[in-house]
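So you know, we letter chains A, B, ... as the sequences are listed, proteins then strands, and number each from 1.
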Amino acid sequence: MAGATEASASAETDSVTPASAVGSNIELENKPQTEEIKRWGDVVDDEEQPSDTVSSSEDKVVEELKVDKLSIDDTKKINKFLDDPEDSSIQAVTSGDTPYASASTFEDLNLSPELLKGLYVEMKFQKPSKIQAISLPMILTPPYKDLIAQAHNGSGKTTCFVLGMLSRVNPDVKRPQALCICPTRELSIQNLEVLQKMGKYTGISSECAVPMESANNDRSRSRPPIFAQVVIGSPGTIKRLMSQKKLSVIDMRVLVFDEADHMLAKDGFQDDSLRIMKDIERFNAHCQVLLFSATFDETVKNFVSRIVKKDHNQLFVKKEELSLDSVKQYKVYCPDEMVKILVIKDRILELGENLGQTIIFVNTKRSAAMLHKALVDLGYEVTTIHGALTHEDRDKIVKEFKDGLTQVLISTDLLARGFDQQQVNLVINYDLPVNMRLHQSLIMRCTCIGLVEQGVLAAKVPSWNSEEDFKIALKEAGLL
DNA sequence: ACAGATG
């Protein structure tokens, strides 16, 4: 397992089957453009109204919008992998009359030879995944329209915007031109690693804008201006760098929000995100905005479609396609905390022989610390990560886990989004997640056992005191 | 409400 460390570190974020096929169930719809959609400047406040907004909302588009069929190559279906997560239907909603042809090869995208080399040699990709085949032409074809795209982790989502950023950067302009905002520093770092790997031969510079070493505050204050062409970071740091004029937005061409539904949710990072968008738009009204997320609930979907430019494109995976039948999910009724810990110990860690790596999600930092102590006292080697740890500790714990040095990791929602580690086979939800959406990405791929204190009905409910029930369940999930 | 990221 240790031998796989290097490869698994970054590439697996897009653990797409290299040759995943361009499927056949693509629906194309006209986006209704009857209602006037305001731009983000209007949503935040009314202090300014960009002139082009006024004019564009004036031209009542009576002409019929042209719908361009995405070209679909049915012969590609034979390349489909057995459990290709992309074998689901995608709904594409295009705006205006820009024709988009689905890309069946990376060559179709007019990428630079250096970038192609990175895709083939470093990333070991062969062909675009389904979501890449459809989204990349939308991202890379002028006029560069905003895009709202729903695609789950492991589908090649990261590649979509990383490739988009790399290929829209002008290599000769040595200033920031692409910016990606992520909800956590861990995800920022992970995305940067993918970008640097993919862009290895391009010479494009990139940098993480996340909080620096917590110990020496002086240092973070004296952080030098950013010259990197691509910047990936968390909202607070990005916002601060921009207000300190250490991150120039004048050349910004692409603005990406990863985990966009969370970044733009009211109880998420909405304020920071809108502030950043607005500041960029003030200097650069034509900056392309890309929103990627595994999930968009109706409220957020509604909201984000108002804050992007009116002529944006959309890609949505049909809701019922999001969860895989092959993924086993269990709930175990546990009357109290002690039973939960005993279940983890005796019924899961002791019983499972092919567990691979396991992540235990908890709802609070306190709960994390408590469970950590309990399992360590029982003789297990576990590590724990949450936001109250120092950045150095966080980096160390994530690295050790990604390198396969630790088997069981306890985490708060810190890692619930976007965290990808191929070796993780099992997710245990110690507490019933407050927000199920948060855990979608790992749930999608892993066996998932929830320890619940109330009798929530579920498809499979092993009895916690029956070893036999657990054996059956673990065997069924391939963990025994 | 709590998690996250910051001032």
State which of B/dC2, B/dA5, B/dG7 makes the closest approach to the side chain of A/Arg240.
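Closest nucleotide to the A/Arg240 side chain: B/dG7.
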Taking only the side-chain heavy atoms of A/Ser234 (C-beta and beyond), determine which of B/dC2, B/dA5, B/dG7 contains the nearest atom.
B/dA5
Round to the nearest Å and state the distance from [X] atom [atom1] to [N] atom [atom2].
X	N	atom1	atom2	answer
A/Glu259	B/dA5	CD	P	13 Å
A/Phe269	B/dA5	CZ	P	6 Å
A/Arg417	B/dC2	CZ	C1'	14 Å
A/Leu414	B/dT6	CG	P	12 Å
A/Phe257	B/dG4	CZ	P	21 Å
A/Asp271	B/dA5	CG	P	17 Å
A/Lys239	B/dT6	NZ	P	9 Å
A/Leu415	B/dG4	CG	C1'	11 Å

Is it the case that the side chain of A/Asn313 and the backbone of A/Ser95 share a donor-acceptor pair, with hydrogens and angles ignored and the cut-off at 3.5 Å?
yes
Short question: side chain of A/Ser466, backbone of A/Asp469 - any donor-acceptor pair under 3.5 Å?
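Looks like yes, one N/O pair under 3.5 Å.
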Heavy-atom count around A/Lys200 NZ within 6.0 Å, excluding the residue itself: above 12?
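Check fails, neighbour count at 12 or below.
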Check each residue of residues 367-375 of chain A for a non-hydrogen atom within less than 4.0 Å of any atom in DNA chain B, then write out the ones that pass by number, or none.
none
Reckon A/Arg394 touches a base, only the sugar-phosphate, or nothing at all at heavy-atom distances under 4.0 Å?
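The residue A/Arg394 makes sugar-phosphate contact but no base contact.
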Categorize A/Lys365 for me: base, sugar-phosphate, or nothing, with a 4.0 angstrom heavy-atom threshold over every strand shown.
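The residue A/Lys365 makes sugar-phosphate contact but no base contact.
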To the nearest 0.5 Å, how far apart are CD in A/Gln91 and CD1 in A/Ile134?
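Here the interatomic distance stands at 11.0 Å.
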Which residues satisfy the side-chain hydrogen bond (donor to acceptor under 3.5 Å, both in side chains) test with A/Glu350, sequence neighbours excluded?
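A/Tyr380.
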Side-chain atoms of residues 176-189 of chain A: list all donor-acceptor pairs with protein atoms under 3.5 Å, sequence neighbours left out, distances to 0.1 Å.
unit_1: A/Gln177; atom_1: OE1; unit_2: A/Asn170; atom_2: N; d: 2.8
unit_1: A/Gln177; atom_1: NE2; unit_2: A/Asn170; atom_2: O; d: 3.1
unit_1: A/Gln177; atom_1: NE2; unit_2: A/Val173; atom_2: O; d: 2.7
unit_1: A/Gln177; atom_1: NE2; unit_2: A/Arg175; atom_2: O; d: 3.3
unit_1: A/Thr184; atom_1: OG1; unit_2: A/Leu187; atom_2: N; d: 3.1
unit_1: A/Arg185; atom_1: NE; unit_2: A/His391; atom_2: ND1; d: 3.4
unit_1: A/Arg185; atom_1: NH1; unit_2: A/Asp395; atom_2: OD1; d: 2.6
unit_1: A/Arg185; atom_1: NH2; unit_2: A/Asp395; atom_2: OD2; d: 3.4
unit_1: A/Glu186; atom_1: OE1; unit_2: A/Arg394; atom_2: NH2; d: 2.7
unit_1: A/Glu186; atom_1: OE2; unit_2: A/Arg394; atom_2: NE; d: 2.8
unit_1: A/Glu186; atom_1: OE2; unit_2: A/Arg394; atom_2: NH2; d: 3.3
unit_1: A/Ser188; atom_1: OG; unit_2: A/Thr184; atom_2: O; d: 2.9

Hey, is the side chain of A/Thr237 poking within less than 4.0 Å of OP1 or OP2 on B/dA5, counting only N and O atoms?
no
side-chain contact (heavy atoms from CB on, under 4.5 Å) evaluation trace for A/Gln190 with A/Val398
CA-CA 10 Å; A/Gln190 184 178 274; A/Val398 167; over 6 Å; no
